[in-house]
Amino acid sequence: MGDSAGDVRADLKFHGPIDGNVLAAMALARFGVDRMFGVVGIPVTSLATRAVSLGIRFIAFHNEQSAGYAASAYGYLTGRPGVLLTVSGPGCVHGLAGVSNAMANAWPLVMISGSCDQRDFGRGDFQELDQIEAVKPFSKFSVKATDISEIPNCVARVLNSAVSGRPGGCYFDLPSDVLHQTVTESEAERLLAAAEEFSHREVIHRVPNSQIEEAISLLKRAERPLIVFGKGAAIARAEGPLKKLVESTGIPFLPTPMGKGLLPDTHQLAATAARSLAIGKCDVALVVGARLNWLLHFGEPPKWSKDVKFILIDICMEEVELRKPHLGLIGDAKQILESINKEIKDDPFCLGKSHPWVEAISQKARDNVAKMEVQLARDVVPFNFMTPMRIIRDAISAVGSPAPILVSEGANTMDVGRSVLVQTEPRTRLDAGTWGTMGVGLGYCIAAAVASPDRLVVAVEGDSGFGFSAMEVETLVRYQLPVVVIVFNNGGVYGGDRRTPQEITGPYKHDPAPTSFVPSANYHKMIEAFGGKGYYVETPEELKSALSESFSARSPAVINVKIDPYAGAESGRLQHKN
C-alpha cells in the first residue's frame, strides 16, 4: 500500500451513525486489505464505494468468475488474502469459481457476498440463496454476520482463516438488513479494537531437530537425490533458502510448472529438461511445497521408482498423512529449509559437477534442449506453435529485470509454453494450476498488474482460453494496466474441426464441429473497440514488431497470432517427453 493511500485511511473520519457498509469497509482497511476485486450491485455497491474512500483500491470486473480468479491470484502473488466482492444469489454462485480455484491451489482468498434480508429468507426474496450452505463444499471457512455488531469480528476471522495453515478460499456473508443497521462512532471503534485479537496469523510450530537431522542424513546417503518444489514453496517465499540448499549440496532440482522461477530455469542444476530421468531414477526426493497429486504422477511407479524415499515438506498435516512419505516435515517451507541449511553448515556435503548423477541429469538436459532448439530454430509459416513461442521467449528475455509475469492458459499453447518459455524470477508464472482451470487468463493478468505494478504482464493464451474472459480486455483499458495478451488463434479448441468423414453425420452434420470457432476471428479488434491497441500477425517479422512495440508501450494490447489449425493436438494431462 502506498503512503498516500495509507494517509487517506488514517485521516478519514465518518461522522454520525456508522452503517454496516462503512463498518465492513473500516474493518477491511484496519486489518490490512488494500485491494478488492468484484462486481457491484444491490446490496454491496455502497460497501465498495466506502472501501475506496478508505484507501482500498477496487477493481471492477464484468464477471464475478474472472474477478474471483483475480482475487485468488492476488492472494498467491502477495501472500495476503485476495478479496472478492459479489452481489447475492447468482453473484455468489459465479464467485464460487474463484473460491474453489483458491482452495484447489491453496491460495488465500476471501469472498464477501451480500445476501437477502434475514426476515424474508425462505419466502422467495430477491436473489435468495442459502449462501453459507452453497459455499461449504468449496471453502475452508465461512461465517455470516447476523447483526452489525458481528461485522468486525467476522472480517478478522475470515481474513485470518484464509492464510492460517494451508491457505485457501473463505467466505463472509453480509445480509442486506445488517448492512443497513447502524452503530455509533464510539461503538464502531470498540468493536474494531475488540476484533483485532483475531487479525494475526497462527504461530507455525518448528519441526523437531531430530527430523531435520534425519532429512539431511537421507539426502547425504542418497546416490541420486532430487529436490522438487512447487507453488507452496513460492507462496512461502522460500526461494532464498532453497537456492542455498541446492547450491551448497549440488543436488539437481525439478520445479512444478508454477514453481518455475524460484530458481532460474537456466540454472546448471535444473532438471526440468530431464524430467523423466530425474523422477524415474532418483532414490531420495525432497519435495518442498508440492503435492504428490496428478502433476507429480502421485509419486508412484512407473513414473517414479518403486524404491524412492520421499521427504515431504508441507504446511498441512493432512497432506503428509495422505501421501505417507518416508519422512514428513510439517511446517512453513522457508523456516524448515533454513533449519536444514543451518544444520548442513556444520557438516557440509556436496555432490559436485562430476558426480555420476549430476552428470547424467546435465547431459540428458543438454541433449533434450538441443533437440528442442533445432525445432525452435526453424521459421515455420503458417505458424506452428514452436515458431511464435520462440519469438515470444526471446522478447520476454530481452525485457530483463524485473522480469515480466507470464500468464499461460490453453491446451497446446500452455503445454508448449511450459517447455519453451523461460522463468528466471520467483512468482512470475501463472497458469491453469492444480485444477487445470480454463478461463483464468484475464483475471490473472489483472491481478498480476495490480500486485506488481513495476512488472510488465504478458499472457500467452489459446483462443479457447481467451474466450472465457475476453470481455475483461475492457477492464485492462479502463485501468490502463501494462498487460499484453497474445492469442494463439488456431480456430477452436485444439485446432478447429478435426472430425473424420465417418464422424460427420446425423441431422446436424452441417453445424460447426464442437471444437471449432469462427475461422480467422479478429480478436484484436475487441480491445480496439475500447481504446486499446490491437495487432494481427501471420509472420515472424510481424510478431517481432508487435511484441517490440507493445512491450515498450506497457499499455493494454492484444496480439492476435494466426496459427495453422492443424498444428495442435488434443491435450489434457501434462505430457512430458523429456
Side-chain angles (χ1 to χ4, degrees), residues 256-258 260 272-273 275 294-295 368 371-396 406-423 429-442 444-445 458-470 484-500 512-521 523-524 536-540 543 547 558-578:
T256 64
M258 283 183 59
K260 282 161 64 72
T272 304
R275 187 179 192 272
W294 69 277
L295 284 161
N368 285 332
K371 291 176 185 175
M372 186 177 70
E373 288 299 326
V374 169
Q375 298 181 60
L376 289 170
R378 295 194 295 264
D379 278 346
V380 178
V381 180
F383 277 148
N384 59 8
F385 283 85
M386 300 293 271
T387 297
M389 204 68 78
R390 181 204 76 220
I391 295 169
I392 293 165
R393 178 194 67 182
D394 294 346
I396 290 175
L406 171 71
V407 177
S408 185
E409 176 181 29
N412 295 283
T413 307
M414 187 170 66
D415 288 346
V416 174
R418 185 173 53 250
S419 299
V420 176
L421 302 176
V422 177
Q423 311 300 140
R429 177 183 171 86
L430 295 166
D431 62 25
T434 303
W435 234 17
T437 313
M438 290 295 106
V440 296
L442 269 293
Y444 282 9
C445 285
V458 180
V460 183
E461 305 202 307
D463 48 0
S464 176
F466 176 69
F468 278 85
S469 56
V484 177
V485 181
I486 305 166
V487 181
F488 276 42
N489 181 0
N490 63 352
V493 182
Y494 311 125
D497 194 343
R498 298 294 187 84
R499 295 175 296 177
T500 65
T515 55
S516 65
F517 299 149
V518 172
S520 302
Y523 295 117
H524 58 293
Y536 178 79
V537 303
E538 292 186 340
T539 68
L543 179 55
L547 290 169
V558 170
I559 303 175
N560 186 7
V561 183
K562 176 67 173 169
I563 303 290
D564 182 349
Y566 295 99
E570 187 165 357
S571 171
R573 288 174 178 258
L574 296 180
Q575 302 295 318
H576 293 279
K577 300 177 182 179
N578 48 40

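These numbers come from a predicted model, not from an experiment.
- Rounding to the nearest 0.5 angstrom, the gap separating the CZ atom in F517 from the CG atom in N489 is 9.5 Å.
- Here OG1 of T272 is found 11.5 Å from CG of N368. Values are rounded to the nearest 0.5 Å.
- For E538, the salt bridge (Lys or Arg N to Asp or Glu O under 4.0 Å) criterion is met by no residue, not counting sequence neighbours.
- Partners of S520 according to the side-chain hydrogen bond (donor to acceptor under 3.5 Å, both in side chains) rule, which considers only residues two or more places apart in sequence or in another chain, are K562.
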Distance-only check: which donor-acceptor pairs under 3.5 Å involve side-chain atoms of residues 381-390, not counting sequence neighbours?
| residue | atom | partner | partner atom | Å |
| --- | --- | --- | --- | --- |
| N384 | OD1 | M386 | N | 3.1 |
| N384 | OD1 | T387 | N | 2.9 |
| N384 | OD1 | T387 | OG1 | 3.3 |
| T387 | OG1 | R378 | O | 3.0 |
| T387 | OG1 | V380 | N | 3.0 |
| R390 | NH1 | L376 | O | 2.6 |
| R390 | NH1 | D379 | OD1 | 3.0 |
| R390 | NH2 | D379 | OD1 | 2.8 |

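- Of the candidates V537, T413, L547, V558, L547 is the only one forming a side-chain contact (heavy atoms from CB on, under 4.5 Å) with I486.
- Closest approach of M438 to A432, counting heavy atoms only: CE-CB, 3.7 Å.
- Looking at residues two or more places apart in sequence or on another chain, you find a ring pair (Phe, Tyr, Trp, His ring centres under 6.0 Å) between F466 and Y523.
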Practice problem: Evaluate the side-chain contact (heavy atoms from CB on, under 4.5 Å) criterion for residues Y444 and T437: first the C-alpha distance (whole Å), next the side-chain angles of each, then the deciding distance (0.1 Å), finally the verdict. | Solution: CA-CA 12 Å; Y444 282 9; T437 313; 5.7 Å; no

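- Judged as a side-chain hydrogen bond (donor to acceptor under 3.5 Å, both in side chains), and not counting sequence neighbours, the contacts of Q423 are T428.
- Heavy-atom minimum distance, R393 versus V422: CD-CG2, 4.0 Å.
- With a 4.5 Å cut-off on side-chain heavy atoms, I559 and H524 do not count as touching.
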Quiz item: Does the pair I391 and L543 meet the rule for a side-chain contact (heavy atoms from CB on, under 4.5 Å), with working shown?
Solution: CA-CA 8 Å; I391 295 169; L543 179 55; 3.9 Å; yes

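- Two residues are said to be in side-chain contact when any heavy atoms from C-beta on lie closer than 4.5 Å; M372 and S419 meet this criterion.
- For R499, the side chain to side chain contact (heavy atoms under 4.5 Å, CB included) partners two or more places apart in sequence, or in a different chain, are D497, E503, I504, A513.
- For P257 against R418, the heavy-atom pair with the smallest separation is CG-CD, 3.6 Å.
- The distance from the CZ atom of R429 to the OG atom of S408 is 4.5 Å, given to the nearest 0.5 Å.
- Applying the salt bridge (Lys or Arg N to Asp or Glu O under 4.0 Å) test to residues at least two apart or on different chains, none of the pairs has a partner in residues 459-469.
- Side-chain atoms of W294 do not come within 3.5 Å of backbone N or O of W435 as any donor-acceptor pair.
- Partners of Q375 by side-chain hydrogen bond (donor to acceptor under 3.5 Å, both in side chains), not counting sequence neighbours: none found.
- Across all their heavy atoms, C445 and A459 have their closest contact at SG-CB, 3.4 Å.
- Between the side chain of N490 and the main chain of A567, no donor-acceptor pair closer than 3.5 Å is present.
- Every residue two or more places apart in sequence or in another chain was checked for a side-chain hydrogen bond (donor to acceptor under 3.5 Å, both in side chains) with S516, and none qualifies.
- The ring pair (Phe, Tyr, Trp, His ring centres under 6.0 Å) check on F468 picks up nothing, with sequence neighbours excluded.
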